[in-house]
Amino acid sequence: MPKIFIISGPSRSGKNAIIDGLLNKQELNLERAITATTRQPRNKEVQGRDYYFFSHDEFKKRIKQGYFLEWAILRGNEYFGTPALEIDRIKNKGKNIIWTIDVQGAEQIRKQLKSQTVFIFVKPASLDDLKSRMQKAWFNSREVKIRLDDAKREFKEARKYDYVVVNREGKLNEAVEEAAGIIKKEISDKSK
C-alpha cells in the first residue's frame with residue numbers, strides 16, 4: 001500500500017527544494033502530487049507540471065463540485081488545493097505520494113487520511129533566516145511582513161506533525177538526507 005508524505009512549512013523554508021532532492025532518490029519510489037492554485041505562474045512554471053493554474057471562478061466552481069481533497073485560501077486571496085484525482089492517479093501507479101501543502105490543508109488531510117499519511121514540517125533555523133531568504137527572493141517589505149506573520153502561525157502548528165526537519169541556510173543536502181531517512185523508516189515500517 002503506497003504511503004503519503006505531506007511536507008509543510010513557511011514560504012521560503014525550502015520545502016520544494018527538499019522534495020526535488022527526495023524525488024531524485026529512486027529507492028523511495030516517490031511521485032509529487034501536483035496541486036492547483038489561482039496565483040499567477042512564476043517564471044518557468046508550467047501548467048500541469050508545477051501546478052494546475054485556475055482562475056478564481058474556476059477554482060470556486062471546482063470546490064462546489066467536490067473536486068479537491070483539500071483546499072485553502074492563503075495570503076488573503078490566493079487559493080491552493082489538491083485534486084482528489086491526483087492522489088488516485090499516483091496510488092494507481094503503486095508509488096508513494098509526496099506533496100507540499102500548507103498547515104490548513106494538512107489539517108484537512110489529517111481528518112481524512114491520517115492512517116496513510118506521514119506529516120513532515122520543514123522550518124528554517126530562525127525567523128531571521130527566513131526573512132533573509134525572502135529578501136533574497138526579492139519579496140517587497142509588505143510581502144515579507146505577510147509571509148513572516150504566516151510563518152509565526154505555521155510554526156505553532158509544527159507540533160501536530162510527525163517530524164520536524166530544520167533546513168539550515170547552506171545545508172540543504174543535510175535536510176534532504178534527514179527527510180529521506182524519515183521516509184525510508186516509514187516505508188519499511190510495515191506495522192503502520
Measure the spacing between [atom1] of [X] and [atom2] of [Y] and express it to the nearest 0.5 Å.
X: I97; Y: T82; atom1: CD1; atom2: OG1; result: 10.5 Å
X: Q108; Y: L113; atom1: CD; atom2: CG; result: 11.0 Å
X: T117; Y: Q112; atom1: OG1; atom2: CD; result: 9.5 Å
X: S115; Y: R110; atom1: OG; atom2: CZ; result: 13.5 Å
X: N173; Y: N167; atom1: CG; atom2: CG; result: 10.0 Å

Taking the side chain as every heavy atom from C-beta outward, state whether [X] and [Y] have any pair of such atoms under 4.5 Å apart.
X: R12; Y: R147; result: no
X: W99; Y: I4; result: yes
X: I182; Y: V165; result: yes
X: I146; Y: F139; result: no
X: D102; Y: F80; result: no
X: I6; Y: I101; result: yes
X: P10; Y: F121; result: yes
X: D20; Y: R32; result: yes

Practice problem: May I have the step-by-step check of salt bridge (charged side-chain N to carboxylate O under 4.0 Å, His left out) for K171 and E177, ending in yes or no? | Solution: CA-CA 10 Å; K171 305 285 185 180; E177 289 308 315; over 6 Å; no
Is there a path from [X] to [Y] through hydrophobic residues (I, L, V, M, F, W, Y) whose side chains come within less than 4.5 Å of each other?
X: F5; Y: L69; value: no
X: I120; Y: I18; value: yes
X: V176; Y: I7; value: yes
X: F155; Y: V166; value: no
X: V103; Y: I109; value: yes

Quiz item: Would L130 and L148 count as a side chain to side chain contact (heavy atoms under 4.5 Å, CB included) if you check the C-alpha gap in whole Å, the side-chain angles of each, and the deciding distance to 0.1 Å?
Solution: CA-CA 8 Å; L130 194 62; L148 283 176; 4.1 Å; yes
Of all the heavy-atom pairs spanning [X] and [Y], show the shortest one and how long it is.
X: L127; Y: A151; result: CD2-CB, 4.1 Å
X: G81; Y: F59; result: N-CZ, 3.6 Å
X: A36; Y: P83; result: N-CD, 4.4 Å
X: E178; Y: V164; result: OE2-O, 3.7 Å
X: K95; Y: P2; result: O-CB, 3.1 Å

Spell out, as yes or no, whether a donor-acceptor pair under 3.5 Å connects the side chain of [X] to the backbone of [Y].
X: E86; Y: T35; answer: no
X: E58; Y: S55; answer: no
X: N96; Y: L30; answer: no
X: K15; Y: G9; answer: yes

Please check if atom [atom1] in [X] has more than 12 non-hydrogen atoms from other residues, nucleotides or ligands closer than 6.0 Å.
X: R168; atom1: CZ; result: no
X: Q40; atom1: CD; result: no
X: R142; atom1: CZ; result: no

Quiz item: Quick one: side chain to side chain donor-acceptor pair (under 3.5 Å) pairs with a partner in residues 121-134, sequence neighbours left out?
Solution: D129-R133, R133-E169
Quiz item: Does the ring of Y51 carry R39 above it, NZ/CZ under 6.0 angstrom from centre and within 45° of its axis?
Solution: yes
Quiz item: Can you check side chain to side chain contact (heavy atoms under 4.5 Å, CB included) on I183 and I98, steps first, answer last?
Solution: CA-CA 10 Å; I183 291 171; I98 190 164; 4.2 Å; yes
Exercise. Applying salt bridge (charged side-chain N to carboxylate O under 4.0 Å, His left out), run through K61 and D57 and close with a yes or a no.
Key: CA-CA 6 Å; K61 178 179 156 189; D57 288 342; over 6 Å; no
Practice problem: Any chance you could lay out the side chain to side chain contact (heavy atoms under 4.5 Å, CB included) test for K111 and E107, step after step, and finish with the verdict? | Solution: CA-CA 7 Å; K111 292 174 182 169; E107 190 62 34; 4.1 Å; yes
Quiz item: Is there a salt bridge (charged side-chain N to carboxylate O under 4.0 Å, His left out) between E157 and R153 once you walk through the steps?
Solution: CA-CA 7 Å; E157 296 294 311; R153 174 183 54 83; over 6 Å; no
Exercise. Could you please spell out the steps behind the ring-ring contact (aromatic ring centres under 6.0 Å, His included) verdict for Y79 and F54?
Key: CA-CA 9 Å; Y79 286 69; F54 295 129; over 10 Å; no
Quiz prompt | Derivation of the side chain to side chain contact (heavy atoms under 4.5 Å, CB included) call for K185 and Y163 | solution = CA-CA 12 Å; K185 175 185 171 286; Y163 301 93; 3.1 Å; yes
